[in-house]
Protein chains: 2
Amino acid sequence: MSQVQATLHLEDQLCFPLYAASRMIIQAYREPLEALGLTYPQYLVMMTLWEKDGQAVNEIGKKLFLDSGTLTPLLKRLEASSLIKRIRSEADERRVEIELTFQGKSLKSKAAGIPAMILETLNSWESQELNSLKFELEKLVATLNQT
Amino acid sequence: MSQVQATLHLEDQLCFPLYAASRMIIQAYREPLEALGLTYPQYLVMMTLWEKDGQAVNEIGKKLFLDSGTLTPLLKRLEASSLIKRIRSEADERRVEIELTFQGKSLKSKAAGIPAMILETLNSWESQELNSLKFELEKLVATLNQT
DNA sequence: TCATTTTAAATTGATTACAATTGAATTTAA
DNA sequence: TTAAATTCAATTGTAATCAATTTAAAATGA
């Protein structure tokens with residue numbers, strides 16, 4: 001039986017399965033997202049914008065735990081794909097606000113089927129099991145976000 | 001209450017907390033690993049070698065789910081740090097076997113305290129809770145590895 | 001044998017991720 | 001009000017991740 005211990009062995013540490021699972025599930029998104037011309041982090045940004053258009057780089061970064069070093073080039077690529085516009089705020093010229101283009105808004109309906117596709121990949125899993133895993137991971141994020 | 005659903009909302013998908021938690025816990029390793037001159041993926045490679053020295057790139061890759069595109073430059077950096085030697089196998093010249101140097105072996109004792117330091121970061125967590133989370137993540141890796 | 005296939009590592013190119021710094025705008029406080 | 005501190009995005013540099021391809025070696029089969 002697996003146990004969390006303070007040892008130097010790969011199989012004893014929480015971090016490795018977390019790291020591996022994260023990469024593998026992002027991998028599962030690759031094919032469906034490729035059809036939309038998006039990478040996984042770009043998809044996350046688009047989702048935050050589909051929820052609320054016109055957010056500043058800063059706000060997006062707080063939600064995704066990403067900084068401008070990651071977001072600025074990513075957003076430039078989304079702009080180059082004509083999915084968003086980057087607009088320097090007039091009220092506060094430090095801010096850059098991100099607005100969806102028509103194409104960016106249209107992409108939402110094409111992306112609508114993706115979550116269900118991913119759940120199908122996990123079809124051997126009980127919904128309850130996924131909920132509990134998600135809940136524990138959210139708690140972990142909250143714990144790690146304090147420090 | 002959180003629920004795993006097939007929607008396009010950040011908070012409804014399993015993947016995002018997985019992605020966020022993975023990056024945050026790797027972040028928690030950064031400071032202790034910096035003292036050893038290692039990044040997190042380099043630490044994973046060193047751990048596999050501390051468990052079994054002399055493995056080929058291929059074998060390390062299977063354990064960490066990484067390919068030569070990631071490992072070759074990473075291993076070259078570890079070699080430049082004098083922690084490992086990359087040795088072309090004589091029996092099979094396609095293979096490159098990785099051997100720890102004296103310094104590489106010595107680093108193990110310096111790394112010994114790291115897992116306990118990370119557990120301290122999670123000190124509000126019950127050991128049972130961590131075990132169960134780890135177990136679920138390992139199951140997830142197994143599921144995703146099949147597809 | 002010798003052509004074909006497979007395997008292993010390396011390489012190339014694109015994208016993230018993140019520390020550290022910069023430059024500019026805004027806010028705070030003296 | 002003005003100097004200092006803070007905030008925001010961008011930039012720079014290093015490292016990782018992964019797809020796709022390349023090169024070489026080894027294994028397979030006709």
**Request:** Just call it for L71(A): base, sugar-phosphate, or nothing, with non-hydrogen atoms closer than 4.0 Å on any strand.
**Result:** nothing
**Message:** What contact category does L66(A) fall into here, base, sugar-phosphate, or nothing, at under 4.0 angstrom with non-hydrogen atoms?
**Reply:** sugar-phosphate
Between [atom2] on [N] and [atom1] on [X], what's the gap in Å once rounded to a whole number?
| X | N | atom1 | atom2 | answer |
| --- | --- | --- | --- | --- |
| L64(A) | dT16(C) | CG | C1' | 13 Å |
| R94(B) | dA25(D) | CZ | P | 10 Å |
| D92(A) | dT28(C) | CG | P | 12 Å |
| D67(B) | dT22(D) | CG | C1' | 14 Å |
| E90(A) | dT26(C) | CD | C1' | 16 Å |
| R23(B) | dT17(D) | CZ | P | 13 Å |
| I26(A) | dT16(C) | CD1 | P | 11 Å |

Phosphate oxygens OP1/OP2 of [N]: is one of them under 4.0 Å from a side-chain N or O of [X]?
| X | N | answer |
| --- | --- | --- |
| Q42(A) | dT16(C) | yes |
| R95(A) | dA9(D) | no |
| Y19(A) | dT17(D) | yes |
| R86(B) | dA9(C) | no |
| T72(B) | dA10(C) | yes |
| R77(A) | dA14(C) | no |
| Q27(B) | dA19(C) | yes |
| K76(A) | dT15(C) | no |

**Complete:** Picking from dC18(D), dA10(D), dA25(C), the nucleotide nearest the side-chain atoms of E93(A) would be dA25(C)
**Asked** Would Y19(B) and Q13(B) count as having a side-chain donor-acceptor pair, cut-off 3.5 Å?
**Response** no
Please tabulate, one pair per line, all N/O donor-acceptor pairs under 3.5 Å involving side-chain atoms of residues 94-104 of chain A, not counting sequence neighbours.
| from | atom 1 | to | atom 2 | distance (Å) |
| --- | --- | --- | --- | --- |
| R94(A) | NE | D92(A) | OD1 | 3.1 |
| R94(A) | NH2 | D92(A) | OD2 | 2.9 |
| R95(A) | NH2 | E97(A) | OE2 | 3.3 |
| T101(A) | OG1 | S82(A) | O | 2.6 |
| T101(A) | OG1 | L83(A) | O | 3.1 |
| T101(A) | OG1 | Q103(A) | N | 3.3 |
| T101(A) | OG1 | G104(A) | N | 3.0 |

**Message:** Is it the case that the side chain of E51(A) and the backbone of T48(A) share a donor-acceptor pair, with hydrogens and angles ignored and the cut-off at 3.5 Å?
**Reply:** no
**Asked** Does dG13(C) have a Watson-Crick or wobble partner in any strand here, with both distances under 3.5 angstrom, and which is it?
**Response** dC18(D)
Which donor-acceptor pairs under 3.5 Å do side chains of residues 61-70 of chain A form with protein atoms, sequence neighbours excluded?
| from | atom 1 | to | atom 2 | distance (Å) |
| --- | --- | --- | --- | --- |
| K63(A) | NZ | Q55(A) | OE1 | 2.6 |
| D67(A) | OD1 | G69(A) | N | 3.1 |
| D67(A) | OD1 | T70(A) | N | 3.2 |

**Asked** Below 3.5 Å, does any donor atom in the side chain of S68(B) face an acceptor in the base of dA10(C), or the other way round?
**Response** yes
**Message:** Taking side chain to side chain contact (heavy atoms under 4.5 Å, CB included) as the criterion, tell me which of L140(B), L133(B), L137(B) meets it with P17(A).
**Reply:** L137(B)
